Amino acid sequence: MLNLLFKTTAYYVIWQKFKKQILLISFSVVLIGFIGMIYDDLFDVLKVTDKESIGILLFTKWFFISFIIAINIYALRKTKIKEKKELKPVNPKTQEILKKEKVLTRTDLILKKYLNE
């Protein structure tokens, strides 16, 4: 279903490469909104008049929001944009071809065969 949403190649490649990070940030935004709703409900229910209770409530709210933002920053900093590909060992036949100064095509081989006869 999401593949239909990302029909263009650029968006599809970005989605495939950064799917984990996009989902993490989306979930974090929803979670921060949920924390805000809980804070508002607690503030309304408690009818807080004591400044100490308001301070604890605000501190708890911003502690959780800061914690979520710190997790996102840490996760995004660990994201590698370019991946280093390890080179596989080349088999001897391929190494032999790479060392040749002139590589003959099929046409060259056929011409060589019939011209020498």
Side-chain angles (χ1 to χ4, degrees):
M1 184 173 162
L2 288 177
N3 289 340
L4 295 175
L5 205 90
F6 298 108
K7 282 188 176 182
T8 61
T9 307
Y11 290 127
Y12 184 73
V13 168
I14 290 171
W15 174 255
Q16 289 298 319
K17 189 164 182 102
F18 301 109
K19 183 187 329 183
K20 186 177 176 183
Q21 289 77 16
I22 292 170
L23 291 175
L24 176 70
I25 290 173
S26 302
F27 178 71
S28 297
V29 168
V30 170
L31 193 60
I32 289 173
F34 187 67
I35 289 171
M37 289 179 2
I38 290 174
Y39 169 77
D40 291 339
D41 287 344
L42 285 175
F43 190 79
D44 290 341
V45 168
L46 294 175
K47 300 286 184 189
V48 180
T49 57
D50 186 19
K51 288 184 179 180
E52 185 177 318
S53 299
I54 293 174
I56 292 171
L57 206 56
L58 273 173
F59 175 75
T60 307
K61 173 187 172 182
W62 287 108
F63 173 76
F64 283 127
I65 290 173
S66 301
F67 183 70
I68 291 169
I69 291 172
I71 289 173
N72 282 321
I73 290 172
Y74 177 73
L76 291 175
R77 289 196 71 178
K78 286 184 66 175
T79 302
K80 295 180 182 176
I81 294 176
K82 292 183 180 180
E83 296 178 12
K84 293 182 181 178
K85 294 182 180 179
E86 294 182 18
L87 297 176
K88 296 178 182 176
V90 181
N91 62 15
K93 191 171 186 178
T94 306
Q95 283 180 349
E96 180 182 318
I97 292 172
L98 290 173
K99 288 181 184 177
K100 288 185 177 180
E101 289 182 20
K102 183 178 180 186
V103 179
L104 299 175
T105 62
R106 276 190 187 185
T107 308
D108 292 336
L109 292 173
I110 292 171
L111 285 173
K112 185 178 179 182
K113 178 181 175 184
Y114 287 109
L115 288 176
N116 287 339
E117 289 182 357

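Because the structure is a prediction, the values reported are computed rather than measured. Position 1 is the first residue of the sequence; numbering continues from there.
Between L57 atom CG and D40 atom CG the span is 9.5 Å, to the nearest 0.5 Å. Between I56 atom CD1 and F63 atom CZ the span is 14.5 Å, to the nearest 0.5 Å. Between the CD1 atom in I32 and the CD1 atom in I69 there is a gap of 5.0 Å [rounded to 0.5 Å]. Considering CG of L76 and NZ of K20, their distance stands at 11.0 Å, rounded to 0.5 Å. Atom NZ of residue K112 and atom CD1 of residue I110 lie 13.5 Å apart, to the nearest 0.5 angstrom.
A continuous path of Ile, Leu, Val, Met, Phe, Trp and Tyr side chains, each step under 4.5 Å between heavy atoms, connects F34 with L42, placing both in one hydrophobic cluster. Both I35 and I38 are part of a single hydrophobic cluster, where members link through side-chain heavy atoms under 4.5 Å apart. Taken together through direct or relayed side-chain contacts under 4.5 Å among Ile, Leu, Val, Met, Phe, Trp and Tyr, L31 and M37 form part of one hydrophobic cluster.
Among residues at least two apart or in separate chains, side chain to side chain donor-acceptor pair (under 3.5 Å) pairs with a member in residues 64-74 are S28-N72.
Every residue meeting the side chain to side chain contact (heavy atoms under 4.5 Å, CB included) condition with L23, not counting sequence neighbours, appears here in chain and number order: W15, K19. Residues forming a side chain to side chain contact (heavy atoms under 4.5 Å, CB included) with L58 (at least two apart in sequence, or on another chain): Y39, I54, W62.
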